[in-house]
Amino acid sequence: MRNLIDITDLSVEEIDQLIATAEDIIANPAKYSQACAGKQLATLFFEPSTRTRLSFESAMLSLGGSVLGFSEANSSSSAKGETVGDTVHAVSCYADIIAMRHPKEGAPYAAAQVAEVPIINAGDGGHNHPTQTLTDLLTIHREKGRLDNFTVGFCGDLKFGRTVHSLVSALSRYENIRFVLISPQELKLPRYVKEEALKSKGIPYTQTTDLESVLPQLDILYMTRVQRERFFNEEEYLRLKDSYVLTPEKLEKAKADLSILHPLPRVNEIDVAVDKDPRAAYWRQVKNGKMVRMALIMMLLGVEV
Ligand code: CP
């Protein structure tokens, strides 16, 4: 039985296969409309979500399957003190596959130890978000036609940004990716991510606090939100929250074929005027999330079309 807890649970070949399947789903949706008929997906969200939960549910419905679950911890028996392990053990009696989000790092891994069905990590605290990474990779592939030979800038909250940690890890396995890490000093990429994904493989990277000075060299800009929910200190959040605000004026210095990604939700870090710029790929990215999750559900359930 396969789980997806960390993006490195998938080989590069499997990621490339998921992207190819997602592309085929986009081109031929009717072919997949009954692929998971009779199967049930449970979405267990102990932390808020719009895109991840609803894209998982939409993905399963578009595969002909059905969905059940909860969208907040307080509407489940975890509010009565049930452990994550017991909750997942119970739900695996009803569902064929489980996508779960939890504020505690490592919760999906713990769940996978007791579950009798595949577990998908839909985001665990400030740790990992592997299905967002599949979404990001599909988006880069669709925007650029390849997954290698880029300069990629990651901007914003690189410390708590779980989407950043997973995407840095994934892209470090492709050829000739140059990483530019743009953040306030307080929100730098954690040492363990740099060690595991970059330093141990001899992959060069640069760190800066200044977005505008590096913007002209980027092929991809991955913007992120400063995440209020991860801060212990409100004053610190308020001081850092507007560290970077991408505007049409700043983008005048960027490459004509830059791709701007953002996992969303955004707060203030991308001016809405940027949405009209053809380089803004983040709404296309939202659509891609459903398609690659369809491919992932099929893979983990062993369904072939
Ligand atoms: N990108 C992402 O995880 O969005 P949600 O929090 O809305 O699921």
Side-chain angles (χ1 to χ4, degrees), residues 4-7 18 22 41-62 67 69-76 97-108 119-140 142-143 152 154-171 220-231 237 241 246 259-270 272 274-275 280-297:
L4 178 59
I5 307 300
D6 185 293
I7 195 65
L18 284 169
L41 164 77
T43 52
L44 311 185
F45 277 61
F46 298 83
E47 193 184 67
S49 167
T50 296
R51 277 145 292 270
T52 310
R53 184 173 66 84
L54 295 178
S55 66
F56 262 117
E57 296 187 359
S58 180
M60 191 51 152
L61 294 172
S62 294
V67 298
F70 53 81
S71 58
E72 54 176 323
N74 280 340
S75 64
S76 77
I97 185 165
I98 295 173
M100 67 170 287
R101 170 172 289 186
H102 201 283
K104 288 227 170 80
E105 289 82 1
I119 297 288
I120 302 171
N121 178 3
D124 61 327
H127 190 212
N128 284 323
H129 194 345
T131 66
Q132 180 64 47
T133 296
L134 294 175
T135 302
D136 302 338
L137 294 175
L138 174 60
T139 303
I140 294 169
R142 288 183 71 76
E143 298 291 318
V152 185
F154 289 86
C155 179
D157 179 358
L158 310 191
K159 178 178 180 183
F160 298 115
R162 59 193 175 197
T163 66
V164 172
H165 306 164
S166 293
L167 184 55
V168 167
S169 174
L171 284 174
I220 296 164
L221 172 60
Y222 194 87
M223 290 296 293
T224 63
R225 170 177 69 99
V226 175
Q227 302 173 86
R228 177 178 228 145
E229 66 272 28
R230 307 277 176 237
F231 279 77
Y237 166 72
K241 71 185 178 68
L246 191 65
S259 292
I260 307 163
L261 276 68
H262 190 312
L264 304 180
R266 80 173 142 193
V267 181
N268 198 34
E269 60 280 359
I270 301 183
V272 290
V274 174
D275 295 8
Y282 35 90
W283 292 112
R284 296 189 286 278
Q285 196 179 351
V286 174
K287 279 194 184 174
N288 293 336
K290 170 181 171 178
M291 303 308 173
V292 82
R293 289 180 174 106
M294 288 173 75
L296 177 68
I297 290 168

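Numbering of ligands and ligand atoms starts at 1, following listing order. These numbers come from a predicted model, not from an experiment.
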Could you tell me whether the side chain of [X] and the main chain of [Y] form a donor-acceptor pair under 3.5 Å?
X      : Y      : answer
Asn121 : Ile5   : yes
Ser55  : Thr52  : yes
Arg101 : Pro48  : yes
His165 : Lys159 : yes

For ligand 1, which atoms, with element, lie under 4.0 Å from some heavy atom of [X]?
X      : value
Thr52  : 2 (C), 3 (O), 4 (O), 5 (P), 8 (O)
Gln132 : 1 (N), 2 (C)
Thr50  : 5 (P), 7 (O), 8 (O)

ask   = Would you say Pro263 and ligand 1 have an N/O pair spaced under 3.5 Å apart?
value =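 For ligand 1, there is an N or O atom that lies under 3.5 Å from one belonging to Pro263.
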message = Under 4.0 Å, heavy-atom basis, I'd like to know which part of Leu264 is in contact with ligand 1: side chain, backbone, both or neither.
response =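 Within the 4.0 Å criterion, Leu264 contacts ligand 1 through backbone atoms alone.
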task = Before accepting this row, confirm whether a basic side-chain N of the pair Glu47/Arg230 lies closer than 4.0 Å to the acidic partner's carboxylate O.
result =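 Between Arg230 and Glu47 there is a salt bridge, with a charged N closer than 4.0 Å to a carboxylate O.
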request  = Looking only at protein heavy atoms, identify the closest one to atom 6 (O) of ligand 1 and say how far it is in Å.
outcome  =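 Checked against all protein heavy atoms, atom 6 (O) of ligand 1 sits closest to Arg101 NH1, 3.0 Å.
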